[in-house]
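Here is how names work: the chains are called A, B, and so on, in the same order as the sequence lines, proteins then strands, and each is numbered from 1.
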2 protein chains.
Amino acid sequence: MGRRSTHTPQQLRELILEAAQEIIQSQGLAGLSAREIARRISYSPGTIYNMFQNLDDVVLNVEARVLDALDARLTAVLKGDGDTVGRIERLAHAYLSFTQENPRLWNLLFEHHMPAGTDLPSWYQQKLEGLMARVEEALAPMFPAGREADRQRAARVLWAGVHGITSLSTADKLSIVTTDGANRLIDDLIGTYLAGLRGAESGAGAQEAHSAKP
Amino acid sequence: MGRRSTHTPQQLRELILEAAQEIIQSQGLAGLSAREIARRISYSPGTIYNMFQNLDDVVLNVEARVLDALDARLTAVLKGDGDTVGRIERLAHAYLSFTQENPRLWNLLFEHHMPAGTDLPSWYQQKLEGLMARVEEALAPMFPAGREADRQRAARVLWAGVHGITSLSTADKLSIVTTDGANRLIDDLIGTYLAGLRGAESGAGAQEAHSAKP
DNA sequence: GGTCATGGGACGTCGTTCGACGCATACGCC
DNA sequence: GGCGTATGCGTCGAACGACGTCCCATGACC
């Protein structure tokens with residue numbers, strides 16, 4: 001069979017990723033197969049291997065799309081204004097909504113592993129750091145200059161905490177009945193943790209939450 | 001080939017689960033196959049289907065063993081005494097150590113999903129609640145009688161928070177370099193969250209879900 | 001001798017490879 | 001410029017080994 005010239009290589013890549021994403025979205029990673037992708041885009045399985053190294057490579061690129069979509073969502077939410085706590089809560093709830101709207105795509109990020117011996121590509125790590133940067137950004141007003149390390153740690157703790165609540169709740173492993181439960185837990189985490197942060201600050205006299213340092 | 005009578009059904013089950021656990025431990029869930037289990041225990045693949053419904057069933061029972069092992073570890077850690085915060089931190093670090101010693105077994109709990117339409121069995125949910133009960137237990141001294149709902153929420157938030165840190169850290173998705181990083185984040189979470197709890201208590205006499213922000 | 005655990009082949013699936021095919025393009029020739 | 005041929009390479013689909021699962025003749029135990 002000769003070349004078709006119906007799609008440019010770039011279009012073909014997108015076609016494959018789009019199909020793969022749809023399959024994962026509706027049937028989970030376990031439902032993904034090279035043959036099923038090929039069927040959907042009316043190409044043969046072999047063609048996929050012209051564009052990607054293997055199925056893992058396809059999956060990794062779908063993950064990239066998911067991370068981008070999540071980042072877009074968080075970025076949009078940060079556009080509005082409001083007090084610091086409110087912004088953080090909006091971020092967290094946006095994260096939770098995203099995972100609830102796209103549970104299988106989000107699960108993909110954690111159930112798919114690189115074959116042994118190969119690390120995550122650096123662009124992947126950069127996308128992760130970009131997400132974390134959103135939290136640090138929202139957290140910035142609470143930390144005076146010079147406390148970047150503290151801000152970074154707080155951002156990671158909150159990010160991981162929200163992730164944990166989200167993860168256990170979508171996996172149905174937190175003994176939570178309602179969706180609302182996860183939202184409440186997130187508010188509790190953020191409210192209480194930030195209260196603890198402020199308490200430590202004022203208690204130690206090192207810094208004040210919202211006021212400028214003398 | 002006739003019956004062997006070299007193993008009782010119960011022994012055979014254990015043999016299968018043991019082999020499956022070893023495979024997952026060394027190669028991850030993706031490396032597990034009925035044929036590989038059969039090879040290791042010197043039975044044929046068909047025999048596995050006499051003892052278990054299918055491979056998912058085998059995996060689910062391996063998960064049960066992992067949950068039991070984790071529970072035993074947490075229980076042992078709670079035996080000692082110390083102040084409340086110390087006990088909680090010991091719990092959390094025990095959880096983290098367990099996941100670091102058995103990363104693939106622990107991952108199993110989250111990368112394996114029930115086939116669509118079937119829920120987690122109730123005994124599985126009970127094991128999860130048993131784990132959560134450990135946290136509530138350690139948290140008990142901080143809550144007066146009548147605040148069981150608050151204690152339950154705090155336990156879930158802390159459990160999920162530690163889980164999130166652990167999860168992202170073992171998946172290498174928290175931009176953490178050292179193992180020590182995860183430990184520090186956990187201490188920060190517990191210390192700061194509990195400080196926030198205490199602040200809310202002394203301020204309002206009792207904490208409330210959303211009003212924890214002063 | 002009857003029961004039934006067991007072995008192992010069968011079926012349809014999978015990921016991945018690879019050589020043959022034939023379309024799109026480039027070139028040679030008139 | 002037009003036409004025929006040669007070349008390159010995108011594409012197909014068969015092939016391979018491994019997979020989950022099913023099935024039933026077999027033959028070891030009671």
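- Between B:Leu15 atom CG and C:dA5 atom P the separation is 17 Å, expressed in whole Å.
- Contacts of B:Ile48 with the nucleic acid, taken as non-hydrogen atoms under 4.0 Å apart, are absent.
- One can place CZ of B:Arg13 at 16 Å from C1' of C:dA5, the figure rounded to the nearest angstrom.
- Listed candidates were D:dC12, D:dC19, D:dT21. Nearest to the side chain of B:Leu55 is D:dT21.
- Between the CG atom of B:Asp57 and the C1' atom of D:dG20 there is a distance of 14 Å, given to the nearest Å.
- Under a cut-off of 6.0 angstrom, the local environment of CD in B:Glu101 is crowded, with over 12 non-hydrogen atoms contributed by other residues, nucleotides or ligands.
- To the nearest angstrom, C1' of D:dG13 lies 13 Å from CG of A:Asn50.
- Side chains of B:His112 and B:Asn107: no donor on one and acceptor on the other come within 3.5 Å.
- At whole-Å resolution of the value, CG in A:Asp56 and C1' in C:dG15 are 10 Å apart.
- Between the CG atom of B:Asn54 and the C1' atom of D:dG20 there is a distance of 9 Å, given to the nearest Å.
- Looking at which nucleotide of DNA chain D each of B:Arg35 and B:Thr6 is closest to, the 5′-most match is held by B:Arg35.
- With C:dT16, D:dG20, C:dT6 as the candidates, the nucleotide lying closest to the side chain of B:Thr47 is C:dT6.
- With distances taken from any side-chain atom of B:Tyr49 to the nucleotides D:dC19, D:dC22, D:dC12, the minimum falls on D:dC22.
- Here A:Ile37 lies out of heavy-atom contact (under 4.0 Å) with every strand.
- At D:dG13, none of the side-chain N or O atoms of A:Arg39 fall inside 4.0 Å of OP1 or OP2 (strictly under the cut-off).
- Using a 4.5 Å heavy-atom cutoff, the side chains of A:Met114 and A:Asp119 are not in contact.
- When each of A:Glu36 and B:Ser44 is assigned the nucleotide of DNA chain C with its nearest heavy atom, B:Ser44 is the one assigned upstream, toward the 5' end.
- Side-chain proximity of A:Leu12 to D:dT11, C:dA10, D:dA15: nearest is D:dT11.
- B:His7 places its NE2 atom 16 Å from the C1' atom of D:dC29, with the value rounded to the nearest Å.
- At a cut-off of 3.5 Å, with distance as the only test, no side-chain donor of B:Asn183 or B:Asp187 sits close to an acceptor on the other residue.
- Taking only side-chain atoms of B:Ala34, from C-beta outward, the nucleotide of D:dG13, D:dT11, D:dT21 with the closest atom is D:dT21.
- In this structure, the side chains of A:Asp172 and B:Tyr124 stay at 4.5 Å or more apart for every pair of heavy atoms.
- Rounded to whole Å, atom P of C:dC14 lies 11 Å from atom CD of A:Gln27.
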